[in-house]
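Data block below; observations after.
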Amino acid sequence: MNRDWNHDFTAILEEAPESEPDRQRFFIARAKLLAEEKSAGLGRPLTCCINTFGCQMNSRDSEKLMGVLEAIGYVPVEDEDADFTLYNTCTVRENANKRVYGRLGHLGALKKKHPGMIIALCGCMMQEPQVVEKIKKTYRQVDLIFGTHNIYKLAELLTQRLLSEKMVVDVWEGTDKIVEELPTDRKFSFKSGVNIMFGCNNFCSYCIVPYVRGRERSRNPEDILDEIRRLAADGVVEVMLLGQNVNSYGKTLEHPVSFAELLKQVTQIEGIERIRFMTSHPKDLSCELIEVMKSSRKICPHLHLPLQSGSSRILHIMNRRYTKEQYLELVDRIRQAIPNISLTTDIIVGFPGETEEDFLETMDVVERVRFDSAFTFIYSKRTGTPAAEMDGQVPEDVVKHRFDRLLTQVQRISSEVSGRDLHTVQKVLAEEVNSHDSRLLTGRLSNNTIVHFPGSPNLIGKIVDVRLDEIKGFYYMGTLQK
Ligand code: 5AD
Ligand code: SF4
């Protein structure tokens, strides 16, 4: 039926299919017509910019959001002074929130000079009711707010905004829905993140993620494998399987599948040469997983294994459900099976009640494990988490002093550990032209270490042999082997 659309949103809703992803396809088409009208009026294509904060989950979400915007007809630009500017926010630590508020003032000024500009906010920070209230009250320049559970609805929400001129707010408390098969725009042609699960059930006492990302939901293995097969057919050679706690993948599926089994199936996919995954919770890392990693040359010898603290007492209060000894024993088991593995970690300093003795336990684990690298964080109080209510918040100057000592130790060890493959020839995935010297390519070893080497851009996306000639801090300089 050829309908005369009259810009009445309710009329559109009547027409829109109920089921997904058809409903969003419908709204992509609808938004496209509206965007074309706007674009014709301006005499130029509409532009969009997505600014992503936080983790790999958010980066992957942004690729999906960009896929939808491009399908609507927006052209991506780097500059935030675009017709549609979206901030995909993070709230894991307070700093991330502060940065967004800071930038919103700047966006408001841009909008005054750029009539018709649409400012949108989504992601973890928007799942906090007090944040949305503050934005509604203080940042009226914002046009569209949505959360983590409904990013797939971007086309529908944007249509609503284009038709109504009012601020559109749609944030869900939770969901059990996973919408598959919407467009995605990959940042790299040869590597891609793949969500295998969403949410987290662990409730570590300092962490806001379970509250803003909801309960754990695993995608069906067939959907994941189909996506990876399609990626492989499209030239992708490396996938990063993404979840807050990949080691508990599949436990809640109707027909439970373990993460190790899923990994094994991914290794069977032709064209996929490298498989990474993130993040592993030490309490759920199985012997089966170590075996699968050991027996497949495609699975990269790298584990990101957040420690958080080396004190069993603090780990207990953090609700991490392992002790210092169990963590060390796990590391031993992993290293015995896969001696060349690269281990990285996350550590929090200044958790409530942390004493000097507790902190020294953390330093001790760092010294014993000798991580390839460690992300160190100062504890940040997140409203709504159990730790925010705990006594014994550590004074700022004490935390800062501990943090500096830890960082010095972590960096010393990283520089001692790096360089262990010096003078060997390794497989390197060439990823991009070096940003400082265009004669060089920048690539990664399978254990994630960076290598710069002279080479031509047509090697980008290919796995090549590179001799590692020199170690410079945390990266190598190398030469291509013919
Ligand atoms: N304060 C500081 N760091 C935190 N993380 C999570 N929550 C907090 C918090 N409240 C860190 C953890 C986690 C990483 C992604 O962020 O180390 O592994
Ligand atoms: Fe947060 Fe713990 Fe879940 Fe990681 S496992 S997202 S630290 S609650």
Side-chain angles (χ1 to χ4, degrees), residues 52-61 89-99 123-125 127-128 148 174 195-218 240 242-249 251-252 259 277-285 303-311 314-322 327 343-354 358-359 362 365-366 369 371 373-390 392-394 396 399-400 402-403 406-407 410:
T52 309
F53 297 78
C55 67
Q56 315 243 7
M57 287 281 193
N58 265 15
S59 302
R60 182 66 183 149
D61 284 351
T89 62
C90 168
T91 187
V92 78
R93 286 169 293 274
E94 178 66 24
N95 282 354
N97 292 38
K98 285 197 188 132
R99 276 171 62 201
C124 295
M125 199 175 147
Q127 292 293 138
E128 294 183 274
T148 55
N195 297 105
I196 63 166
M197 61 204 296
F198 302 94
C200 181
N201 283 353
N202 288 314
F203 290 96
C204 300
S205 62
Y206 51 81
C207 186
I208 201 164
V209 168
Y211 306 89
V212 295
R213 287 261 169 194
R215 292 296 60 71
E216 196 173 290
R217 303 169 307 280
S218 293
M240 163 83 94
L242 295 171
Q244 302 296 348
N245 176 13
V246 291
N247 299 111
S248 70
Y249 169 80
K251 290 186 180 158
T252 51
F259 178 56
F277 52 88
M278 212 165 207
T279 290
S280 289
H281 193 307
K283 80 174 164 62
D284 296 312
L285 200 145
L303 264 178
H304 185 67
L305 200 59
L307 167 68
Q308 313 299 5
S309 168
S311 153
I314 294 290
L315 286 169
H316 179 70
I317 312 172
M318 283 178 162
N319 195 28
R320 290 291 289 176
R321 286 173 275 173
Y322 53 85
Y327 188 93
L343 290 177
T344 57
T345 200
D346 293 341
I347 300 171
I348 299 176
V349 177
F351 183 83
E354 183 189 75
D358 293 318
F359 173 68
T362 301
V365 177
V366 170
V369 176
F371 294 105
S373 69
F375 297 96
T376 50
F377 304 109
I378 287 181
Y379 167 73
S380 168
K381 189 172 173 172
R382 310 308 295 125
T383 309
T385 62
E389 308 296 320
M390 287 178 190
Q393 306 279 336
V394 186
E396 218 172 283
V399 179
K400 182 75 184 61
R402 285 181 195 161
F403 182 81
L406 178 64
L407 194 62
V410 157

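Both counts, for ligands and for their atoms, begin at 1 and track the order of listing. Below, each value reflects all heavy atoms present in this structure, side chains not excepted, and no hydrogens, waters or symmetry copies.
Between Tyr206 and the choices Arg93, Gln308, Lys381, the side-chain hydrogen bond (donor to acceptor under 3.5 Å, both in side chains) rule is met once, by Gln308. Checking Thr279, Asn201, Asp284 one by one against Asn245, the side-chain hydrogen bond (donor to acceptor under 3.5 Å, both in side chains) holds for a single residue, Asp284.
Annotation: atom 4 (Fe) of ligand 2 to nearest protein heavy atom, Gln244 O, 4.4 Å. The nearest protein atom to atom 1 (Fe) of ligand 2, hydrogens excluded, is given as Cys207 SG, 2.3 Å; this is a heavy-atom distance. When hydrogens are left out, the protein atom nearest atom 2 (Fe) of ligand 2 is Cys204 SG, 2.3 Å; that is the closest non-hydrogen contact. Protein heavy atom in closest approach to atom 7 (S) of ligand 2: Tyr206 OH, 3.4 Å. The nearest protein atom to atom 5 (S) of ligand 2, hydrogens excluded, is given as Asn202 ND2, 3.4 Å; this is a heavy-atom distance.
Judged by distance alone, with hydrogens and angles left aside, the side-chain atoms of Arg382 form a donor-acceptor pair with the main-chain N or O of Thr91 at under 3.5 Å. Counting only distance, with no hydrogens or angles, the side chain of Asn58 and the backbone of Thr89 share a donor-acceptor pair below 3.5 Å.
The residues lining ligand 1, counting any heavy atom closer than 4.0 Å, are Val92, Arg93, Tyr206, Gln308, Asp346, Ile348, Phe377, Ile378, Tyr379, Ser380, Arg382.
Atoms of ligand 2 lying under 4.0 Å from any heavy atom of Phe203, numbered from 1 in the order shown and given with element: 8 (S). Near Pro210, with a cut-off below 4.0 Å to any heavy atom, the atoms of ligand 2 are 8 (S).
Contact annotation: Arg320 has at least one heavy atom less than 4.0 Å from an atom of ligand 2.
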**Request:** In sequence, state the C-alpha distance, the side-chain angles, and the governing distance for Tyr379 and Val394, and then conclude on side-chain contact (heavy atoms from CB on, under 4.5 Å).
**Result:** CA-CA 9 Å; Tyr379 167 73; Val394 186; over 6 Å; no

**Request:** Begin with the C-alpha distance, continue with both residues' side-chain angles, and end with the deciding distance and a verdict on salt bridge (charged side-chain N to carboxylate O under 4.0 Å, His left out) for Arg402 and Glu354.
**Result:** CA-CA 11 Å; Arg402 285 181 195 161; Glu354 183 189 75; 2.9 Å; yes

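Neither the backbone nor the side chain of Pro306 comes within 4.0 Å of ligand 2, counting heavy atoms alone. When heavy-atom distances to ligand 2 are checked against a 4.0 Å cut-off, Asn245 has no atom that comes that close, whether in backbone or side chain.
At a cut-off of 2.8 Å, Cys200 coordinates atom 3 (Fe) of ligand 2 through an N, O or S atom.
The shortest distance between side-chain heavy atoms of Ser218 and Ile196 does not fall below 4.5 Å.
Residue Glu389 qualifies as open at atom CD: its count of foreign heavy atoms under 6.0 Å is 12 or below.
Remark: Tyr322 OH to Leu305 CG distance equals 7.5 Å, nearest 0.5 Å.
Nearest approach of Pro210 to Arg215, heavy atoms of both residues: O-NH2, 2.9 Å.
In summary, the aromatic rings of Phe377 and Phe403 are positioned with their centroids too far apart to meet the 6.0 Å limit.
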